[in-house]
Amino acid sequence: SLLQLKLWNKYRVSNIPSLIFIDASTGKVVCRNGLLVIRDDPEGLEFPWGPKPFSEVVAGPLLRNNGQTLDSSALEGSHIGVYFSAHWCPPCRSLTRVLVESYRKIKEAGQKFEILFVSADRSEDSFKQYFSEMPWVAVPYADEARRSRLNRLYGIQGIPTLIVLDSKGDVITRQGRVEVLNDIECREFPWHPKPVLELTDSNAVQLNEGPCLVLFVDSDDDGESEAAKQLIQPIAEKIIAKYKAKEEEA
């Protein structure tokens, strides 16, 4: 029915079963990954399962691939990429190769940036092998509870996913993967979302994220695409501002 379709669209449900918790008084989504919640907290001790700050969820020791540990408080004041990935997944491995270069470029440009690897590997050995290629920090593989809490915090539905946070721990973009692949020179870092994008192979994945307006233009020769962009830019900015005011994703 139309109502069912509206609900599927409103909550961007792409696979089932999906369990989404909502605050009845405000209508805001409290938690997208309800299935993980009831698996991790069958007694309901953490009810009402609202989002916690990143710094609280990540709290604890982190690893470097040389075996050194550091406390998660060392991340404070940096932009952070929270990287959900696994060695068994080919798109993850190819993204990691690009991301290692991006990380190096951003650090060399003097930016405060750290990446936190949250593994979905199937064994400690495979985690160690994969992490050995990474110059950043990771949640220890054995700390399954913390890895799961981070998955829950960002409603991770598939890998690879790169969530980029500002220095306060707030989300700048959930589309870090697309941004890194589209901006090899990292000129746009930290990748604040643009109201209007040119459609490419790598960002087409965003068509699955929610309602999109796609404007087709004839050709690039006569400045038509620039005129089209100027036409829809103010409309897109208005829509984004409206959702931002409601603290919802546009």
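The structure displayed is predicted, hence computed values, not measured ones.
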Determine whether Leu75 and Leu62 satisfy the following criterion, side chain to side chain contact (heavy atoms under 4.5 Å, CB included), listing intermediate values before the conclusion. CA-CA 10 Å; Leu75 300 176; Leu62 302 174; 3.8 Å; yes
Spell out, yes or no, whether Tyr103 and Ile184 are grouped together once hydrophobic residues are joined by side-chain heavy atoms under 4.5 Å, including indirect joins. yes
Within 6.0 angstrom of Lys105 NZ, more than 12 heavy atoms from elsewhere: yes
Would you sort out whether Trp88 and Asp121 count as a side chain to side chain donor-acceptor pair (under 3.5 Å), showing the intermediate values? CA-CA 7 Å; Trp88 52 262; Asp121 288 291; 5.0 Å; no
Residues which pass side-chain contact (heavy atoms from CB on, under 4.5 Å) with Ala74, listed by chain and number, not counting sequence neighbours: Leu70
Can you list the steps and then say if Asp40 with Arg149 is a salt bridge (Lys or Arg N to Asp or Glu O under 4.0 Å)? CA-CA 9 Å; Asp40 290 354; Arg149 281 198 299 273; over 6 Å; no
Set out, in order, the CA-CA distance, both residues' side-chain angles and the distance that settles salt bridge (Lys or Arg N to Asp or Glu O under 4.0 Å) for Glu101 and Arg104, then state yes or no. CA-CA 5 Å; Glu101 287 305 303; Arg104 194 176 52 74; 2.5 Å; yes
Does CD in Glu124 sit with more than 12 non-hydrogen atoms of other residues, nucleotides or ligands closer than 6.0 Å? yes
Quick check on Lys244: does its NZ atom have over 12 non-hydrogen neighbours (other residues, nucleotides or ligands) under 6.0 Å away? no
Would you call the rings of Phe131 and Phe127 parallel, tilted or perpendicular if under 30° counts as parallel and over 60° as perpendicular? parallel
Option passing side-chain hydrogen bond (donor to acceptor under 3.5 Å, both in side chains) with Gln233 (candidates Lys229, Gln230, Glu237): Glu237
Could you go through Glu76 and Lys168, starting from their C-alpha distance and side-chain angles, then the distance that decides it, and tell me whether this counts as salt bridge (Lys or Arg N to Asp or Glu O under 4.0 Å)? CA-CA 8 Å; Glu76 281 167 22; Lys168 296 203 283 297; over 6 Å; no
Connected via hydrophobic side-chain network under 4.5 Å: Tyr83 and Trp191: yes
In terms of side-chain heavy atoms, does Ser132 have a donor or acceptor partner in Asn65 at a distance below 3.5 Å? no
Evaluate the criterion salt bridge (Lys or Arg N to Asp or Glu O under 4.0 Å) for residue pair Lys194 and Glu188; output intermediate values, then yes/no. CA-CA 10 Å; Lys194 291 191 191 73; Glu188 306 280 333; 3.6 Å; yes
In one Ile/Leu/Val/Met/Phe/Trp/Tyr side-chain cluster, 4.5 Å: Val171, Leu162: no
Does any non-hydrogen side-chain atom of Ile159 lie less than 4.5 Å from one of Ser85? no
Have a look at Cys31 and tell me which of Val37, Leu153, Asp23, Leu19 forms a side chain to side chain contact (heavy atoms under 4.5 Å, CB included) with it. Val37
Side chain to side chain contact (heavy atoms under 4.5 Å, CB included), that's the test. Do Leu165 and Ile172 meet it? Break it down for me. CA-CA 5 Å; Leu165 310 179; Ile172 292 175; over 6 Å; no
Could you tell me if the ring centre of Trp136 sits under 6.0 Å from that of Phe117? no
Sub-4.5 Å side-chain heavy-atom contact between Val214 and Phe216: yes
Lys238 side, atom NZ; Ile240 side, atom CD1 - distance, nearest 0.5 Å: 13.5 Å
Heavy atoms of Leu36 and Ser148 approach each other most closely as CD2-OG, 4.3 Å
Just wondering, more than 12 heavy atoms not from Asp201 lying within 6.0 Å of its CG? no
Just verifying a value: how many Å separate Glu108 CD and Ile106 CD1, rounded to the nearest 0.5 Å? 11.0 Å
Identify, with sequence neighbours excluded, every residue that meets ring pair (Phe, Tyr, Trp, His ring centres under 6.0 Å) alongside Phe113. Phe189
Arg93 to Tyr130 six-membered ring, cation-pi geometry met (6.0 Å, 45°): no
Would you say Ile115 and Val164 are hydrophobically clustered, going by side-chain heavy atoms of ILVMFWY under 4.5 Å? yes
What closest approach, in Å, do Gly158 and Thr161 show between heavy atoms, and which atom pair accounts for it? O-OG1, 2.6 Å
Distance under 6.0 Å and angle within 45° of the ring axis: does Lys246 meet both against Tyr243? yes
Are Val139 and Val137 connected in the hydrophobic side-chain network, where two residues link if heavy atoms are under 4.5 Å apart? yes
Here the pair of heavy atoms bringing Ala228 nearest to Val217 is CB-CG1, 3.5 Å
Taking atom types as modelled, find out whether Ser73 and Asp71 have a side-chain donor-acceptor pair closer than 3.5 angstrom. yes
Answer yes or no: does atom CD of Gln4 have more than 12 heavy-atom neighbours from other residues, nucleotides or ligands under 6.0 Å? no
Please report the shortest heavy-atom distance between Pro135 and Arg64, naming the atom on each side. O-NH1, 3.7 Å
Residues Pro140 and Pro61: closest non-hydrogen pair is CD-O, 3.3 Å
Taking atom NZ of Lys242 as the centre, report whether more than 12 heavy atoms of other residues, nucleotides or ligands fall under 6.0 Å from it. no
Residues His87 and Ser126: closest non-hydrogen pair is CB-OG, 4.1 Å
Do Ser72 side-chain atoms and Gly60 backbone N/O form a donor-acceptor pair below 3.5 Å? yes
With a cutoff of under 4.5 Å between side-chain heavy atoms, which Ile, Leu, Val, Met, Phe, Trp and Tyr residues group with Ile20? Leu3, Leu7, Trp8, Tyr11, Val13, Ile16, Ile22, Val29
